[in-house]
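We name chains A, B, ... by the order of the sequence lines, and we start the count at 1 in each one.
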Protein chains: 4
Amino acid sequence: MARTTDGDGTPVPQRLLAAATRLFAERGYDRTSVQEIVEAAGVTKGALYHYFGSKEDLLQEVYSRVLRIQQERLDAYADADEPVERRLRAAAADVVVTTIDNLDDAAIFFRSMHHLSPEKNKRVRAERRRYHERFRALIEEGQRGGVFSTATPADLVVDYHFGSVHHLSTWYRPDGPLTPQQVADHLADLLLRALRP
Amino acid sequence: MARTTDGDGTPVPQRLLAAATRLFAERGYDRTSVQEIVEAAGVTKGALYHYFGSKEDLLQEVYSRVLRIQQERLDAYADADEPVERRLRAAAADVVVTTIDNLDDAAIFFRSMHHLSPEKNKRVRAERRRYHERFRALIEEGQRGGVFSTATPADLVVDYHFGSVHHLSTWYRPDGPLTPQQVADHLADLLLRALRP
Amino acid sequence: MARTTDGDGTPVPQRLLAAATRLFAERGYDRTSVQEIVEAAGVTKGALYHYFGSKEDLLQEVYSRVLRIQQERLDAYADADEPVERRLRAAAADVVVTTIDNLDDAAIFFRSMHHLSPEKNKRVRAERRRYHERFRALIEEGQRGGVFSTATPADLVVDYHFGSVHHLSTWYRPDGPLTPQQVADHLADLLLRALRP
Amino acid sequence: MARTTDGDGTPVPQRLLAAATRLFAERGYDRTSVQEIVEAAGVTKGALYHYFGSKEDLLQEVYSRVLRIQQERLDAYADADEPVERRLRAAAADVVVTTIDNLDDAAIFFRSMHHLSPEKNKRVRAERRRYHERFRALIEEGQRGGVFSTATPADLVVDYHFGSVHHLSTWYRPDGPLTPQQVADHLADLLLRALRP
DNA sequence: GATGAATGAGTCTTCATTCAT
DNA sequence: TATGAATGAAGACTCATTCAT
């Protein structure tokens with residue numbers, strides 16, 4: 001397997017991805033130079049371009065990974081055998097916890113999407129839409145079943161909730177008074193309360 | 001007073017600010033070159049550096065203007081002679097309408113703040129904190145008066161609402177099905193419903 | 001006029017063009033770095049990009065200048081009030097002398113044209129075609145008048161002659177036994193002899 | 001003998017040479033990457049460096065092959081038992097046909113020679129000189145015998161003709177009105193007519 | 001014979017800012 | 001007030017070549 005690992009034994013592509021994620025979150029995509037990434041990962045520029053076609057590909061990889069993980073988790077919660085309000089609450093809380101656990105990814109997500117080329121942007125948007133639609137379907141299910149208010153269009157409710165999720169990277173601090181789970185419970189609670197008929 | 005205006009009669013500094021705002025929102029701060037700004041404003045580089053010390057100053061000006069406007073409006077609504085739930089609803093809805101009316105500023109705000117130097121960043125954060133505190137005070141007033149639930153800390157509620165406001169620039173489209181006022185009413189409604197005791 | 005000149009008083013754009021021409025001819029377009037050009041011209045990279053949009057623009061400028069000069073000279077000879085065989089001989093000899101006087105340009109011309117972008121390439125080809133057609137018209141005039149043989153299509157005769165002109169940069173050495181004018185007379189002579197009826 | 005061939009059964013070195021020839025002609029030596037060559041040949045980089053010491057060696061091989069072929073053909077025509085004007089005409093026409101049949105090689109030849117290292121360049125030049133001298137000897141033989149004019153030095157006549165041969169790759173198109181043999185006849189004819197006493 | 005991961009020097013280009021006029 | 005030529009540092013990316021396997 002040649003020299004795919006080095007030092008700590010982590011494969012080079014993953015070392016690069018980790019370094020890029022941290023740096024993109026820290027100083028933004030445009031302010032992070034390829035040079036800084038490879039230095040942080042302990043490899044050379046050539047190695048980076050051996051695995052990734054461009055700096056943008058690195059960003060795109062971060063997105064794909066996050067979206068894949070979140071989608072899988074959402075699907076699991078949404079498919080559970082429970083009343084809809086419990087499933088929605090669980091999903092709403094889980095995305096908060098997962099987001100806090102990967103605050104770097106979240107920060108990148110909502111600040112750097114416009115740095116992707118139109119083509120890649122389109123693909124990411126499509127994946128994200130799929131995610132939103134799954135979430136919206138849960139709300140609509142509850143509305144049809146009469147357990148959620150129909151006062152607000154489900155679409156808007158989804159954006160309302162995800163606005164607060166995206167916003168987490170702006171204000172949440174690990175050393176703050178609330179644990180991730182507490183924050184998640186509160187935010188899920190606010191969502192469910194707003195949906196009471 | 002020489003030629004402080006030109007063409008349409010708008011003073012040069014304001015033309016620069018308008019051009020910068022549009023471009024920063026369109027392609028991001030780092031992707032906008034000083035050359036593009038001056039071309040869009042119809043002036044030369046020398047002129048820009050005559051009025052603004054740096055590109056960053058331009059960004060900071062955009063922030064200051066938005067914050068000043070929002071603060072003034074919030075103060076007006078908060079000071080009104082009305083029951084607290086009406087004042088909160090009005091303020092919550094107003095910030096949505098104002099944000100939609102200035103989506104460019106909003107987009108810049110939540111994507112480019114980390115481009116400010118630490119010093120300027122600190123100042124902007126301070127102004128924003130003042131704004132948040134005023135909003136939080138309204139919620140706490142309602143909680144103390146028993147008209148709002150105390151289930152969730154006021155702090156978190158504020159972030160919950162402003163998360164959705166920031167998020168507007170991501171999803172709101174002027175040609176969508178809802179008018180700014182309708183969106184505002186819905187979002188304010190969700191907030192108030194979530195706060196029902 | 002700011003600092004458009006420096007050292008020897010030659011304007012910066014012309015100094016850059018001269019340096020580029022020499023270097024492109026010496027080591028080829030791709031083997032000449034922008035860094036080398038600006039060093040040879042005694043300016044900085046920024047200055048180059050202030051005047052020329054790209055390295056390719058520099059190459060295109062070399063082409064345009066050569067073509068313009070050659071076309072003007074050809075037109076002058078072709079329009080003269082002389083018998084056609086004298087006009088053709090004069091034009092055929094002149095292009096040889098001019099080419100030898102600017103061997104660098106010639107070397108670039110026939111080695112680097114494929115380095116131009118398709119769009120620029122098309123423009124250069126069009127200009128060159130115009131030049132060829134003027135030359136061909138002279139030959140056809142003589143053929144119609146019976147002073148030149150019609151054994152060979154005029155098109156081919158033109159390419160035959162210009163082949164030898166282009167080839168000059170491959171073999172002609174200023175310190176060789178023949179002066180430019182002597183070479184020119186010989187080559188024109190060969191052309192005219194080949195065209196004898 | 002392991003896998004020296006693959007797919008179509010052509011040995012790897014020849015597949016590489018063929019791919020390199022096409023690509024060098026198409027986009028120039030410097031613009032062709034080793035990666036592109038091995039991809040076009042359907043092998044890996046390791047394989048290329050197993051058979052060729054460097055990218056330059058590949059170029060040198062193209063040269064050597066062309067020169068060897070042309071020299072052999074010229075020798076055959078020059079040694080024939082025919083009057084000198086017939087031998088010259090045959091040789092002059094043959095080099096045109098052979099060049100057209102291998103336009104790629106010709107294009108490379110007259111555009112990429114300066115990409116060879118001084119040492120290799122010297123060797124190629126020497127071989128080419130030998131070729132030229134053989135051709136020149138034919139002309140001088142005719143001049144001494146009184147069948148060719150002595151108005152122009154034989155040297156110059158050789159360059160005159162080869163100029164037009166080199167030029168072929170610039171203008172000749174397979175789908176044009178003339179067949180390779182027709183072009184060859186015309187160009188040989190022009191040469192012989194120019195040499196009429 | 002053949003692989004392909006890794007190197008590291010080198011490429012063109014961009015850009016905020018300065019300053020003589 | 002305003003110009004625009006010039007700077008110089010930094011940016012992303014390419015590529016021939018090597019070498020452990």
Discussion item. In whole Å, I'd like the distance from the CZ atom of R27(B) to the C1' atom of dC15(E).
Written reply: 14 Å

Response to the item:
Expected string for nucleotides 10-17 of chain F under the B/S/- scheme (protein heavy atoms, under 4.0 Å, primed atoms plus P, OP1, OP2 as sugar-phosphate) is -SSBB-SB

Item to complete: Round to the nearest Å and state the distance from E39(B) atom CD to dT14(E) atom P.
Response: 13 Å

Discussion item. If you define the side chain from C-beta out and look only at heavy atoms, does anything of R123(B) sit under 4.5 Å from Y63(B)?
Written reply: no

Worksheet, complete the sentence: To the nearest angstrom, the CG-C1' distance between L58(B) and dA16(E) comes to 12 Å

Worksheet item: Looking at side-chain heavy atoms only, is the closest gap between K45(D) and Q35(D) below 4.5 Å?
Response: yes

Worksheet item: With a 4.5 Å heavy-atom cut-off, do K122(C) and E119(C) have their side chains touching?
Response: no

Discussion item. When you compare the side chain of L67(A) with that of F109(A), does any pair of heavy atoms fall below 4.5 Å?
Written reply: yes

Worksheet item: On the ring face of Y29(B), is K55(B) found with NZ or CZ under 6.0 Å from the centre and within 45° of the axis?
Response: yes

Response to the item:
R15(D) CZ to dG1(E) C1', in whole Å, measures 14 Å

Item to complete: Report yes if some heavy atom in the side chain of E127(B) is under 4.5 Å from a heavy atom in the side chain of V124(B); otherwise report no.
Response: no

Worksheet item: Do E56(D) and Q60(D) have a side chain donor and acceptor closer than 3.5 Å?
Response: no

Discussion item. Distance check needed: dC12(E) C1' versus H115(C) NE2, whole Å only.
Written reply: 15 Å

Fill in: Interatomic distance, L23(B) CG vs dC15(E) P [rounded to whole Å]
12 Å

Item to complete: For DNA chain F, produce a single dot-bracket line, 5' to 3'. Pairs: Watson-Crick or G-U wobble, both distances under 3.5 Å. Symbols: ( ) within strand, [ ] crossing, | other strand, . unpaired.
Response: .||||||||||||||||||||

Discussion item. What is the separation between atom NE2 on H50(D) and atom C1' on dC19(F), rounded to the nearest whole Å?
Written reply: 15 Å

Practice prompt. Would you mind reporting whether R111(C) and I108(C) have side-chain heavy atoms less than 4.5 Å apart?
Written response: no

Worksheet, complete the sentence: note: L48(A), atom CG; dA5(E), atom C1'; distance rounded to Å ~ 13 Å

Worksheet item: If you look at every heavy atom in L48(D) and L58(D), which pair is closest and at what distance?
Response: CD1-CD2, 4.0 Å

